[in-house]
Colleague: 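This is the structure I want to talk about, given as structure tokens.
What you see is a predicted model; the values in this text were computed from it and never measured. Note: hydrogens, waters and symmetry copies are ignored here, and every other heavy atom, side chains too, is used. Counting convention: from 1, in listed order, for ligands and their atoms alike.
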Amino acid sequence: MLLGGLVYATAGLSFSALTAAASTPKVLSLSFSRRETFTPHPRLNRRGASVTATLYNAQSNLLYLVNATVGTPPQSFSLQLDTGSSDIWLPWVEAQACRGRNGINRCGNGAFDDTQSSTFVEQIPDLFEISYVDQTQIVGDYIADVFSIGDVSVVNMTMGLAKQTSEPETSGEFQGIVGVGFDQGESIYSQVGRTYPNLISKLKSQKYINTRAYSLWLNDLESTTGSILFGGIDTAKYTGDLTILPIQPDAISKSITSFTVVLDNIAVIGGAKKAQYAKALDIPVILDSGTTLTYLPNDIAMDIISGVGAVNNSRYGVVVPCDLAASPATFNFQFGNSDGPTIVATIGQFVLPFPSKISPPRFRSGKTACRWGILPAQGAPNLFGDTFLRSAYVVYNIDGGTVGIAQTKFNVSSSSVKEITDSGKIPGATKTASGEAKQTHTGAVASAVV
Ligand SMILES: *[C@@H]1O[C@H](CO)[C@@H](O)[C@H](O)[C@H]1NC(C)=O
Ligand SMILES: *[C@@H]1O[C@H](CO)[C@@H](O)[C@H](O)[C@H]1NC(C)=O
Ligand SMILES: *[C@@H]1O[C@H](CO)[C@@H](O)[C@H](O)[C@H]1NC(C)=O
Ligand SMILES: *[C@@H]1O[C@H](CO)[C@@H](O)[C@H](O)[C@H]1NC(C)=O
């Protein structure tokens, strides 16, 4: 029933502005940068689920952030882009975490000063609430103000203003989020059963886009930029055709609250194109850009962890030798059904270097250790986070209740944008892969930045 997510960023950020694509109206393209960030203390950031995960004291987080401004005159923010939640929330400038007591100001990516905005509106005091499975709680107000990304301004945007956090001052960055999920994924929906128009809904009602849909291209692990395209697709950024996957509703409420699709099977293909591991699954998985890693059912994740020779270190978590990234092995994920689309991810996409500012742990052999990007879900929802999503071009079609998916193309600089004018029809997507799996999880999901 909870949502939000805390992330910790210490590195500088840079983003390019949102620009309306010249050739096609009603499409907004926004580039974002990915930055290595560092969490100095153990944290568990999965929301809305009873998860236990290894707590690390040294972590490399690779977050996708976008620049935005709020208020009049504009106040600047870098916010984490999250498909797994649906609210925008901002740290409040007067929150303890932002006041810099003991010399620690954790709000370097932006904190909102309501007294300095002439367009600020207090909506509902104290109702905004985010909780974490590690008992961290954040509470605040619902507010409304002008929210701008690039040269696009949304008026009367409802947001959470985070006033209090129970977490210690020694935690990392107190980081705001922009959730781009379903209105039903808003935290207020689980509290009072109603919704407000979130960012995607406002972009449509203010006619910046025709359909509540957007495409996400994260590019590869080595790259520091990716892009989100609101209202369209960019056919230059993927190979083959997009295939439609119906979004699976929550089994209890029957409504769609998350980007849950069916994973039909996983195969690990070795050097000589030989299958080294294959597992039929037919399970629900949530596509969540706000989650750094990928979380699979425990037995499968443990098979994979032992299969790649990863070790669970008490200090650094699940690690592999970094040179595993050079292996020709691939992870092939097939969605929908046995005729569905297969996304091929090279093993290197799951091998994450530790942040450069800490001296990297080493194996006894002398090999440098890297973090491993597939972990057990521990009974929580299966999440396909950034370690998977970089290999896929994904169209998140909220109005159509579908996802379009294709194999991504890394490092393309060209672009061929097509507007989505009809939510029932993603341009160029001709095939639909059926397949059903029960999603028993309701509401917003984890933003697992571990
Ligand atoms: C994004 O914001 C950060 C922090 O204010 C700034 O350093 C960076 O230049 C901005 N990027 C762009 C493209 O505006
Ligand atoms: C602002 O948005 C809220 C929530 O969507 C709505 O109830 C209210 O009527 C809007 N106010 C104006 C002035 O449009
Ligand atoms: C993409 O570009 C980065 C450098 O920005 C490079 O390290 C990486 O190998 C490239 N990926 C591919 C698949 O060519
Ligand atoms: C790693 O070990 C910790 C205990 O140190 C445990 O809680 C965690 O579940 C283990 N993770 C895996 C993937 O084995």
Side-chain angles (χ1 to χ4, degrees), residues 31 33-36 42 44 46 50-57 62 86-88 119-124 127-128 133-134 141-147 153-160 183 186 188-189 192 194-206 217-226 237-239 293-320 325-326 328 330 344-351 353 371-380 390-393 407-413 448 450:
S31 295
S33 296
R34 197 189 65 206
R35 284 292 179 270
E36 182 184 81
L44 174 62
R46 306 187 73 180
S50 55
V51 186
T52 51
T54 313
L55 302 177
Y56 309 97
N57 63 357
L62 297 162
S86 306
D87 298 285
I88 296 170
T119 41
F120 163 81
V121 175
E122 173 92 45
Q123 283 188 332
I124 316 171
L127 188 66
F128 187 69
V133 286
D134 67 353
D141 301 343
Y142 278 100
I143 62 162
D145 211 327
V146 183
F147 180 88
S153 286
V154 170
V155 295
N156 190 28
M157 183 69 238
T158 297
M159 293 169 282
D183 284 344
E186 293 163 3
I188 201 168
Y189 185 68
V192 300
R194 64 186 164 82
T195 64
Y196 63 87
N198 74 359
L199 178 62
I200 305 300
S201 295
K202 295 286 271 185
L203 286 173
K204 183 179 172 182
S205 67
Q206 293 190 16
W217 178 70
L218 299 185
N219 208 357
D220 83 358
L221 187 55
E222 277 81 35
S223 169
T224 51
T225 55
K237 299 286 196 294
Y238 59 87
T239 58
L293 307 181
T294 293
Y295 296 84
L296 289 170
N298 292 4
D299 55 334
I300 295 142
M302 294 314 286
D303 284 351
I304 290 171
I305 283 169
S306 67
V308 300
V311 298
N312 189 4
N313 179 274
S314 59
R315 189 176 158 93
Y316 294 102
V318 179
V319 295
V320 292
T330 63
V344 178
T346 57
I347 198 168
Q349 294 297 322
F350 302 99
V351 178
R371 301 168 68 208
W372 177 245
I374 301 176
L375 294 180
Q378 313 275 22
R390 280 187 272 273
S391 297
Y393 187 83
Q407 185 74 37
T408 200
K409 237 188 227 178
F410 287 136
N411 293 348
V412 262
S413 50
V450 294

Colleague: Hey, does the side chain of Asp183 reach the backbone of Asn198 with a donor-acceptor pair shorter than 3.5 angstrom?
Modeller: yes
Colleague: Any donor and acceptor pair, going by atom type alone, linking the side chain of Glu122 with main-chain N or O of Asp141 inside 3.5 Å?
Modeller: no
Colleague: Taking 4.0 angstrom as the limit and counting only heavy atoms of Gln378, give me the atoms of ligand 4 inside it, by number and element.
Modeller: 9 (O)
Colleague: Quick one, Thr408 and Tyr238 - any side-chain contact, counting heavy atoms below 4.5 Å?
Modeller: no
Colleague: Run the numbers for me: atoms of ligand 3, each under 4.0 Å from some heavy atom of Phe410, listed by number.
Modeller: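 Atoms satisfying the 4.0 Å criterion: 13 (C).
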Colleague: Under the rule for salt bridge (charged side-chain N to carboxylate O under 4.0 Å, His left out), what residues qualify as partners of Lys204, not counting sequence neighbours?
Modeller: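 Salt bridge (charged side-chain N to carboxylate O under 4.0 Å, His left out) check on Lys204 returns Asp399.
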Colleague: How far does CD1 of Ile188 sit from CD1 of Ile124, to the nearest 0.5 angstrom?
Modeller: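 That separation rounds to 4.0 Å.
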Colleague: Sequence neighbours excluded, which residues qualify as side chain to side chain donor-acceptor pair (under 3.5 Å) partners of Asn156?
Modeller: none
Colleague: Would one find an N or O of Ser314, backbone or side chain, under 3.5 Å from an N or O of ligand 4?
Modeller: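 Min N/O separation from ligand 4 is not below 3.5 Å for Ser314.
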Colleague: For Asp299, which residues count as a side chain to side chain donor-acceptor pair (under 3.5 Å) partner, sequence neighbours excluded?
Modeller: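 If we apply the side chain to side chain donor-acceptor pair (under 3.5 Å) test to Asp299, skipping adjacent residues, there are no hits.
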Colleague: Please check: side-chain N/O of Trp217 versus main-chain N/O of Lys409, any donor-acceptor pairing under 3.5 Å?
Modeller: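 Side chain of Trp217 to backbone of Lys409, a donor-acceptor pair under 3.5 Å: yes, one is there.
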Colleague: Name the residues with a heavy atom less than 4.0 Å from ligand 2?
Modeller: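 Only Gln123, Asn156, Thr158, Pro197 have heavy atoms that fall under 4.0 Å of ligand 2, ordered by chain and number.
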Colleague: Under 4.0 Å from a heavy atom of Met302: give me the atoms of ligand 4 that qualify, with their elements.
Modeller: 13 (C), 14 (O)
Colleague: Going by distance alone, is a donor N or O of one side chain under 3.5 Å from an acceptor N or O of the other, for Asp87 and Tyr189?
Modeller: no
Colleague: Go through ligand 4 atom by atom and flag the ones less than 4.0 Å from a non-hydrogen atom of Ile305.
Modeller: 13 (C)
Colleague: May I ask you to list the atoms of ligand 4 that are less than 4.0 angstrom from any heavy atom of Val318?
Modeller: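 Numbered from 1, ligand 4 contributes 13 (C).
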Colleague: Closer than 4.0 angstrom: is that true for some heavy atom of Pro376 and an atom of ligand 4?
Modeller: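 Yes.
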